[in-house]
Amino acid sequence: MTDAVAPRLVAFDLDDTLAPSKSPIDARMGELLIALARRVDVAIISGGQLAQFTTQVVDRLPDATADVRARLHLLPTCGTQYYRLSPDAVVTVYQRSLTDDEKSRALAAVEGEARRLGLWEAETWGDILEDRGSQITFSALGQRAPVAAKSAWDPTGEKKSALRAAVAALLPDLEVRSGGSTSVDITERGIDKAYGMRQLAEQTGISLDDMLFVGDRLDPDGNDYPVLAMGVRCHAVDGWEDTVGYLESLIPTLPVRV
């Protein structure tokens, strides 16, 4: 798809694309997402769980008609869960889950390797390990760590990359990948944001060629890169303010749905 062809669906990463990590979206971002949903379908794909999507985005959206809300697609844990918005609720389309054996092995491997590598912090903001049903997530500083602390923990990404590689070697049957700024995610094999995009195409009937993905980690080591590698049109941003500027230029080019 060329830049001249208007997308029918725009998908976004969440943390550091729509908002600072684990933080609510700005009011202006909420206005722009609803304005975009008046024109095309809008999806959010992230390694986070549904509660994160709700507090960061859904609860911050301005009022919209039922038709507009129905065009919003939420894909937590990289698309292993899928939700739509009704006028007054979040509706489950599907949920996948790791087996108990997969979960126990993943939890043991990531904790063991984090301790071995000296990456198991004594002082954190919340739990380091989280069972998200379809995903096990390691957050080095805890789920509620402030943005500044997370940014300072591993500015080069070396710690996270070392942990990901060590855990992956112990779990060859599972997918182990870098998540947010301090996190490593473990899912079923073959689960990444490309999987989420394929699920979007299947559920909506919208071709991947008619989609656009916006993310801040489209570099080869980033967790948004699988979307670029599968051939979906992508736009790289550097923080949520950059996304605001991009949407302010994109939205006027798209016709409002009747």
Side-chain angles (χ1 to χ4, degrees), residues 13-17 19-23 45-53 55-56 76-81 97-193 195-196 215-226 238-239:
D13 169 51
L14 178 48
D15 282 344
D16 299 319
T17 297
S21 179
K22 301 295 191 298
S23 303
I45 305 178
S46 170
Q49 61 181 330
L50 179 61
Q52 181 181 336
F53 281 58
T55 57
Q56 286 187 252
T77 55
C78 295
T80 55
Q81 301 171 22
S97 183
L98 293 168
T99 66
D100 290 342
D101 173 68
E102 289 169 336
K103 289 179 182 181
S104 64
R105 289 190 292 111
L107 288 165
V110 72
E111 179 173 350
E113 291 306 292
R115 290 185 183 278
R116 183 181 68 81
L117 294 170
L119 303 179
W120 190 268
E121 301 293 339
E123 297 182 8
T124 64
W125 292 263
D127 294 336
I128 294 175
L129 296 177
E130 186 179 10
D131 178 355
R132 297 178 174 176
S134 54
Q135 177 176 293
I136 297 298
T137 294
F138 165 90
S139 299
L141 300 180
Q143 284 297 311
R144 300 187 300 276
V147 174
K150 291 197 290 186
S151 297
W153 184 76
D154 187 25
T156 66
E158 292 180 10
K159 295 179 181 178
K160 194 170 56 173
S161 293
L163 179 59
R164 188 215 67 78
V167 175
L170 296 179
L171 302 172
D173 59 321
L174 297 175
E175 193 78 39
V176 184
R177 63 183 182 280
S178 296
S181 54
T182 64
S183 64
V184 170
D185 297 327
I186 304 170
T187 63
E188 292 179 68
R189 195 76 179 160
I191 300 296
D192 54 24
K193 290 184 181 178
Y195 171 86
D216 71 308
R217 291 295 312 279
L218 287 161
D219 55 285
D221 293 327
N223 61 358
D224 297 329
Y225 182 75
D238 184 17

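Position 1 is the first residue of the sequence, and the numbers go up from there.
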With sequence neighbours excluded, what pairs up with Thr17 under the side chain to side chain donor-acceptor pair (under 3.5 Å) test?
Asp13, Asp216
Side chains of Lys150 and Ser21: donor-acceptor distance under 3.5 Å anywhere?
yes
Can you list everything that forms a side chain to side chain donor-acceptor pair (under 3.5 Å) with Gln81? Sequence neighbours excluded, please.
Tyr83, Ser134
Is the shortest distance from a Lys or Arg side-chain nitrogen in Lys103 or Asp101 to a carboxylate oxygen in the other one below 4.0 Å?
no
Just to verify, what does Thr137 make a side chain to side chain donor-acceptor pair (under 3.5 Å) with, not counting sequence neighbours?
Arg132, Gln135, Asp185
Trace of the side chain to side chain contact (heavy atoms under 4.5 Å, CB included) decision for Lys22 with Gln143:
CA-CA 8 Å; Lys22 301 295 191 298; Gln143 284 297 311; 3.4 Å; yes
Can you tell me how far OG1 of Thr80 sits from CG of Asp192, rounded to the nearest 0.5 angstrom?
11.0 Å
Those residues at least two apart in sequence (or on a different chain) that pass side chain to side chain donor-acceptor pair (under 3.5 Å) with Asp100 are none
Sorted by chain and residue number, the salt bridge (Lys or Arg N to Asp or Glu O under 4.0 Å) partners of Glu111 (sequence neighbours excluded) come out as Arg115
Taking all atoms of both residues into account, what is the closest heavy-atom pair of Arg116 and Ala166, and its distance?
NH2-CB, 3.9 Å
How far does CG of Leu119 sit from CG of Asp154, to the nearest 0.5 angstrom?
8.0 Å
Restricting to non-hydrogen atoms, name the atom on Ile45 and the atom on Gly196 that form the minimum distance, rounded to 0.1 Å.
CD1-C, 4.0 Å
Run through Ile128, Val167, Thr182, Val176 and flag the one making a side chain to side chain contact (heavy atoms under 4.5 Å, CB included) with Phe138.
Ile128
Contact check, side chains of Leu117 and Leu163, non-hydrogen atoms, under 4.5 Å
yes
Keeping to residues at least two apart or across chains, list the salt bridge (charged side-chain N to carboxylate O under 4.0 Å, His left out) pairs with something in residues 156-171.
none
Which distance, rounded to the nearest 0.5 Å, do you find between the OG of Ser97 and the CG of Asp131?
7.0 Å
Please tell me if the side chains of Val147 and Ser23 come closer than 4.5 Å, counting only heavy atoms from C-beta onward.
yes
So CG of Asp15 and CD of Gln56: to nearest 0.5 Å the spacing works out to 5.0 Å
Tell me the closest heavy-atom pair linking Ala149 and Trp125, and the distance in Å.
CB-CH2, 3.9 Å
Tell me if the CG atom of Asp219 is crowded by more than 12 foreign heavy atoms within 6.0 Å.
yes
Taking side chain as C-beta onward, heavy atoms only, is Ser181 less than 4.5 Å from Trp153?
no
Spacing of Leu129 atom CG and Trp120 atom CH2 [to the nearest 0.5 Å]:
4.0 Å
Measuring from Asn223:CG to Lys193:NZ, what's the distance to the nearest 0.5 Å?
4.0 Å
Check Gly79 against Tyr195 and note the closest heavy-atom contact, atom names and distance.
O-CE2, 3.3 Å
Leu218 and Tyr225: which non-hydrogen atoms are nearest, and at how many Å?
O-CD1, 3.2 Å
Cys78 vs Arg177 side-chain heavy atoms within contact, under 4.5 Å
yes
Heavy-atom check, side chain of Ile186 versus side chain of Glu102, under 4.5 Å:
no
With respect to Asp173, which candidate in Arg105, Glu188, Arg189 satisfies the side chain to side chain contact (heavy atoms under 4.5 Å, CB included) definition?
Arg105
